[in-house]
Novice: 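What follows is a single structure, and I will ask about it in a moment.
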Amino acid sequence: METGAGRVKLTDLASCGGCAAKYSAARLEELLAGFVPVEAENLLVGLAPADDAAVYRLDSERALIFTLDFFPPVVDEPADYGAIAATNALNDVFAMGGLPLLALSIAAFPEELPIEMLAEIFAAADAQVRAAGGLLAGGHTIRDAEPKYGLAVVGTVHPDAIWPKNGARPGDSLFLTKPLGTGLIMTGYKNGLAGSQQLERAIRWMRTLNKDAAEVIRPLEPNAVTDVTGFGLFGHAHEVAQRSGVQIRLESERFPAIDGALDIARKGVRTSGDPRNRDFAAAHVKTDGISEVLGVLGYDPQTAGGLLVSVPAERGSALEAEFTSRRLFIRRVGRVEEGTGVVVE
């Protein structure tokens with residue numbers, strides 16, 4: 001599989017990469033609706049409703065967070081692919097308010113793929129798990145024509161300090177801890193409409209763990225948190241609004257975008273996940289009057305995206321000040337009101 005022109009391009013082996021490969025959220029909701037929720041006193045977070053990870057209480061001081069995430073290559077460099085896939089899985093633990101403890105690899109690769117490329121993927125994932133505070137302790141690898149990689153992660157959290165999706169309250173301010181546009185940039189680059197600098201920016205954001213952001217947020221006791229990944233900003237905002245029984249109002253002019261993402265959207269680039277995200281959320285998201293480009297950004301599936309944080313408005317200034325003092329990215333993007341659905345103005 002290796003040619004004289006250089007190493008195998010991982011994205012050439014994938015029909016769809018990163019979190020854009022996620023199963024349709026609308027179909028997933030329909031599928032999971034057929035499951036009877038497990039009745040277990042210590043299952044604090046399961047399918048009723050589903051969240052970023054499952055949480056099981058061990059005792060009054062400790063609960064386990066358990067999550068898994070894997071996907072086909074979103075980039076060609078093996079080390080970037082391993083680090084991004086690991087980051088995406090680890091970030092689910094941070095989105096629940098916890099700390100990663102242990103991870104196992106979930107891997108599927110063609111047998112013909114050079115072993116040194118696999119070694120780079122595993123090594124980069126291991127480094128990312130260690131940076132998150134956990135250990136990569138093994139895993140399972142099978143043969144498959146399309147590469148896939150990710151992690152199953154166990155973390156810990158205090159049972160009274162879990163960050164759910166369903167806790168947003170009217171009067172809260174909404175913040176986002178990473179800019180949007182990874183899906184647009186990856187698709188644009190593959191189609192020759194984005195340059196290497198734009199690609200490097202997107203990769204840098206996708207390799208960024210939400211660990212530091214979570215550390216700043218934790219003392220301020222947010223009401224609701226989720227990470228923005230494959231369902232896009234609008235899809236994940238819809239989940240928070242629906243499960244919290246509130247209306248979320250987003251300010252489109254405040255949407256942060258990775259440099260170049262909006263230009264790519266203006267060229268007509270759309271990811272394969274865009275129509276599926278619209279099928280899932282469009283009926284619950286009012287976007288009248290906003291620009292088409294900002295609408296595309298809102299539906300863009302993110303890989304290893306930032307945290308969408310709902311905190312009481314009076315704590316918003318302290319949150320922004322602490323992020324700024326640590327030179328971390330944050331942007332207020334909206335607020336929580338009484339009502340239902342998502343309104344984008």
Novice: Between CG of L308 and OG1 of T229, what distance do you get to the nearest 0.5 Å?
Specialist: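 Separation between the atoms: 11.0 Å.
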Novice: List the steps and the verdict of side chain to side chain contact (heavy atoms under 4.5 Å, CB included) for L99 and R218.
Specialist: CA-CA 11 Å; L99 298 172; R218 196 170 285 114; 3.9 Å; yes
Novice: Can you tell me how far the OG1 atom of T303 sits from the CD1 atom of I185, to the nearest 0.5 Å?
Specialist: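 Those atoms lie 11.5 Å apart.
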Novice: D80 pairs by side chain to side chain contact (heavy atoms under 4.5 Å, CB included) with which of L10, V75, I121, V74?
Specialist: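 Of the listed options, the one satisfying the test is V75.
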Novice: We want to know whether N42 and R57 form a side-chain donor-acceptor pair, criterion being a heavy-atom distance below 3.5 angstrom.
Specialist: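 Side chains of N42 and R57: pair found under 3.5 Å.
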Novice: Using the salt bridge (Lys or Arg N to Asp or Glu O under 4.0 Å) rule, take D59 and R62 through it: C-alpha gap first, then chi angles, then the decisive distance, then the call.
Specialist: CA-CA 5 Å; D59 52 41; R62 300 172 303 162; 2.7 Å; yes
Novice: Would you say R169 has more than 12 foreign heavy atoms packed within less than 6.0 Å of its CZ?
Specialist: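 No, not enclosed.
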Novice: Would K267 and D263 count as a salt bridge (Lys or Arg N to Asp or Glu O under 4.0 Å) if you check the C-alpha gap in whole Å, the side-chain angles of each, and the deciding distance to 0.1 Å?
Specialist: CA-CA 7 Å; K267 295 174 183 177; D263 289 336; over 6 Å; no
Novice: Tell me, yes or no, whether the heavy-atom count around R130 atom CZ, taken from other residues, nucleotides or ligands under 6.0 Å, exceeds 12.
Specialist: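 Incorrect, the count does not exceed 12.
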Novice: Can you tell me which residue among V228, L180, T271 is in a side chain to side chain contact (heavy atoms under 4.5 Å, CB included) with D300?
Specialist: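 In the set V228, L180, T271, the residue that makes a side chain to side chain contact (heavy atoms under 4.5 Å, CB included) with D300 is T271.
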Novice: Between R249 and E345, is the closest basic N to carboxylate O distance under 4.0 Å?
Specialist: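 Salt bridge present between E345 and R249.
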Novice: If you count heavy atoms of other groups shown closer than 6.0 angstrom to NZ of K286, is the number above 12?
Specialist: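 No.
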Novice: What I'd like to find out is whether the side chain of L328 reaches to under 4.5 Å of the side chain of E322, using heavy atoms alone.
Specialist: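 L328 vs E322: side chains apart.
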Novice: Going by ring pair (Phe, Tyr, Trp, His ring centres under 6.0 Å), Y299 matches just one of F280, F231, F234. Which one?
Specialist: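 Checked F280, F231, F234 against Y299; only one passes ring pair (Phe, Tyr, Trp, His ring centres under 6.0 Å): F234.
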Novice: Counting only heavy atoms not in E292, do more than 12 sit closer than 6.0 Å to its CD atom?
Specialist: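 Atom CD in E292 is not packed in, count stays at 12 or less.
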Novice: Taking atom types as modelled and ignoring hydrogens, do the side chains of T11 and D76 form a donor-acceptor contact shorter than 3.5 angstrom?
Specialist: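 On atom types as modelled, these side chains qualify, holding a pair under 3.5 Å.
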Novice: Consider only side-chain heavy atoms of I, L, V, M, F, W and Y, link residues closer than 4.5 Å, and tell whether F70 and L104 are in one cluster.
Specialist: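 Looking at the clustering, L104 is in a separate group from F70.
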Novice: Looking at A313, is its backbone amide N or carbonyl O close enough to the side chain of R335 to form a donor-acceptor pair, meaning the two atoms are under 3.5 Å apart?
Specialist: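 Judged by distance alone, no pair lies under 3.5 Å.
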Novice: Using the rule that Ile, Leu, Val, Met, Phe, Trp and Tyr join whenever any side-chain heavy atoms are under 4.5 Å apart, tell me whether L136 and L118 fall into a single cluster.
Specialist: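 Per the 4.5 Å side-chain linkage, L136 and L118 are co-clustered.
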Novice: Measure the OG1-CG distance between T226 and N91 for me, rounded to the nearest 0.5 Å.
Specialist: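 Here the rounded value is 11.0 Å.
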Novice: I need the N223 CG to W163 CH2 distance, nearest 0.5 Å.
Specialist: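 It comes to 12.0 Å.
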Novice: Within the supplied structure, the quantity of interest is the number of heavy atoms (other residues, nucleotides, ligands) at a distance under 6.0 Å from F323 CZ; does it exceed 12?
Specialist: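 Yes, the 6.0 Å shell around CZ holds more than 12 heavy atoms from other groups.
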Novice: To the nearest 0.5 Å, what is the distance between CG on L184 and CG on L262?
Specialist: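 With rounding to 0.5 Å, CG (L184) is 8.0 Å from CG (L262).
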Novice: Please say yes or no: joined through hydrophobic side-chain contacts below 4.5 Å, possibly via intermediate residues, are L233 and I290 part of one cluster?
Specialist: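 Same hydrophobic cluster.
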